[in-house]
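Bear in mind that the values here come from a model prediction, so they are computed numbers and not experimental data.
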Amino acid sequence: MKKIVLSLFALAALNCSAQSVSQRLERLFDVDQQIRKTETVDSLIEAQDSVNRAVLKEFVADYNPDSCSAKANKGLYLVLSHSPLAFRLPMAHLIEKAWQKKRLEAIYYASFQDGIRFDQLEPQIYGTQFMEMNGKTYLWPVADVDKLDERRAALGLPTEQAYIDELSKRHPEWNYTWDRTLTIETILNTQ
């Protein structure tokens, strides 16, 4: 709890108008990641995410990816990715803008796009989203799966199988599974 209170006080510093948008987003990045590295209950993470959204809303109109560091642009991605769909959708153009100006890494752009489709219960485009079912971590269904690696290559991402292999090395306990026949309908009927 002490870390949470300190984190909230640290966010108060973001309200200082002397800080640039980049500095504020970098601080949001730090706070977002700090709370996720501790053993924290979901309700406290959601409380911090809510504070992060409120802070972001205060200065997002001044956002320009060109004047922000790579860390700041990733901070924007993290705050939006950890937000409800209703908050993310009106700000999705900011991620698109950062991507078009080559100020955001491909994996974050792809993950953001897929995350929106995941939350809308639609097939993803780039194969970055997974869900747990029956003790395994399944790749969320992909639109036009036969062209998935083409789309990934166009962004400079590795093949889907290479991506899954890398994730499996880092987190073998998650039991990653790619079932190309899995459909959203099957998932919804299983839940």
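- Remark: the backbone N or O of Lys136 is not paired with any side-chain donor or acceptor of Thr177 at under 3.5 angstrom.
- With rounding to the nearest 0.5 angstrom, the NE2 atom of His171 is 9.5 Å from the CD atom of Glu166.
- Ser50 places no side-chain N or O within donor-acceptor distance of the main-chain N or O of Glu46, the cut-off being under 3.5 Å.
- At least one donor-acceptor pair closer than 3.5 Å links the side chain of Asp114 to the backbone N or O of Ile125.
- Formation of a donor-acceptor pair under 3.5 Å by the Arg88 side chain with backbone atoms of Ser83 is found in this model.
- The minimum heavy-atom distance between Gln23 and Ser20, with the atom names listed, is OE1-N, 2.7 Å.
- The hydrophobic cluster containing Phe118 also contains Ile184, counting ILVMFWY residues as joined when their side-chain heavy atoms lie under 4.5 angstrom apart, directly or transitively.
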Intermediate values then yes/no, side-chain contact (heavy atoms from CB on, under 4.5 Å), Leu167 and Trp174: CA-CA 9 Å; Leu167 289 174; Trp174 290 355; over 6 Å; no

> How far apart are the C-alpha atoms of Ile187 and Leu121, what are their side-chain angles, what is the distance that settles it, and do they pass the side-chain contact (heavy atoms from CB on, under 4.5 Å) test?
Replying inline: CA-CA 10 Å; Ile187 293 167; Leu121 300 177; over 6 Å; no

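- A distance of 9.0 Å separates OG1 in Thr159 from CG in Leu148, rounded to the nearest 0.5 Å.
- A continuous path of hydrophobic side-chain contacts links Leu155 to Leu139 [ILVMFWY only; heavy atoms under 4.5 Å].
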key: side-chain hydrogen bond (donor to acceptor under 3.5 Å, both in side chains) evaluation trace for Asp149 with Tyr163   = CA-CA 11 Å; Asp149 284 337; Tyr163 179 59; over 6 Å; no

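- Ile116 and Ile107 fall within the same hydrophobic cluster, defined by Ile, Leu, Val, Met, Phe, Trp and Tyr side-chain heavy atoms under 4.5 Å apart, directly or through other members.
- In terms of heavy-atom proximity, Ser22 sits nearest to Cys68 at OG-CA, 3.5 Å.
- Atom CG of Leu44 is separated from atom CG of Asp49 by 11.0 Å, given to the nearest 0.5 angstrom.
- Residue Glu185 qualifies as open at atom CD: its count of foreign heavy atoms under 6.0 Å is 12 or below.
- Going from atom CD of Gln48 over to atom CZ of Arg36 covers 8.5 Å, rounded to the nearest 0.5 Å.
- Between Phe130 and the options Tyr176, Trp178, Trp140, a ring pair (Phe, Tyr, Trp, His ring centres under 6.0 Å) holds for only Tyr176.
- Criterion: ILVMFWY side-chain heavy atoms under 4.5 Å apart, direct or through other members. Under it, Phe59 and Leu94 are part of a common hydrophobic cluster.
- Taken to the nearest 0.5 Å, the CZ atom of Arg151 stands 7.5 Å off from the OH atom of Tyr126.
- In this structure, Ala162 and Pro158 approach most closely via the heavy-atom pair CB-CB, 4.0 Å.
- A 4.5 Å side-chain heavy-atom check between Asp66 and Lys101 finds at least one atom pair inside the cut-off.
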**Request:** Please test Tyr77 against Ser111 for side-chain hydrogen bond (donor to acceptor under 3.5 Å, both in side chains), starting from the C-alpha separation and ending with a verdict.
**Result:** CA-CA 9 Å; Tyr77 156 79; Ser111 178; 3.0 Å; yes

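- With hydrogens and angles ignored, the 3.5 Å screen pairs no side-chain donor or acceptor of Thr186 with any backbone N or O of Leu182.
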- Message: If you apply the rule side-chain contact (heavy atoms from CB on, under 4.5 Å), what do you find for Glu96 with Gln100, and how did you get there?
- Response: CA-CA 6 Å; Glu96 186 71 35; Gln100 287 175 352; 3.2 Å; yes

Q: Kindly determine whether Thr128 and Arg152 satisfy side-chain contact (heavy atoms from CB on, under 4.5 Å), including the steps that lead there.
A: CA-CA 10 Å; Thr128 63; Arg152 290 179 63 84; 4.2 Å; yes

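- Follow the hydrophobic side-chain contacts under 4.5 Å out from Tyr109 and you reach Leu25 in the same cluster.
- The two residues Met133 and Tyr138 have their closest heavy-atom pair at O-CE1, 3.2 Å.
- Across all non-hydrogen atoms, the minimal contact from Asn73 to Pro65 is ND2-O, 3.4 Å.
- Partner of Asn52 under the side chain to side chain contact (heavy atoms under 4.5 Å, CB included) criterion, chosen from Ile35, Leu78, Leu28: Leu28.
- Annotation: the span from Leu76 atom CG to Leu104 atom CG amounts to 8.0 Å, rounded to 0.5 Å.
- The pair Glu105-Lys74 does not count as a salt bridge, with every side-chain nitrogen at least 4.0 angstrom from each carboxylate oxygen.
- Heavy-atom contacts from other residues, nucleotides or ligands closer than 6.0 Å to CG of Asp42 number 12 or fewer.
- Of all heavy-atom pairs spanning Lys71 and Glu26, the tightest one is CE-O, 3.8 Å.
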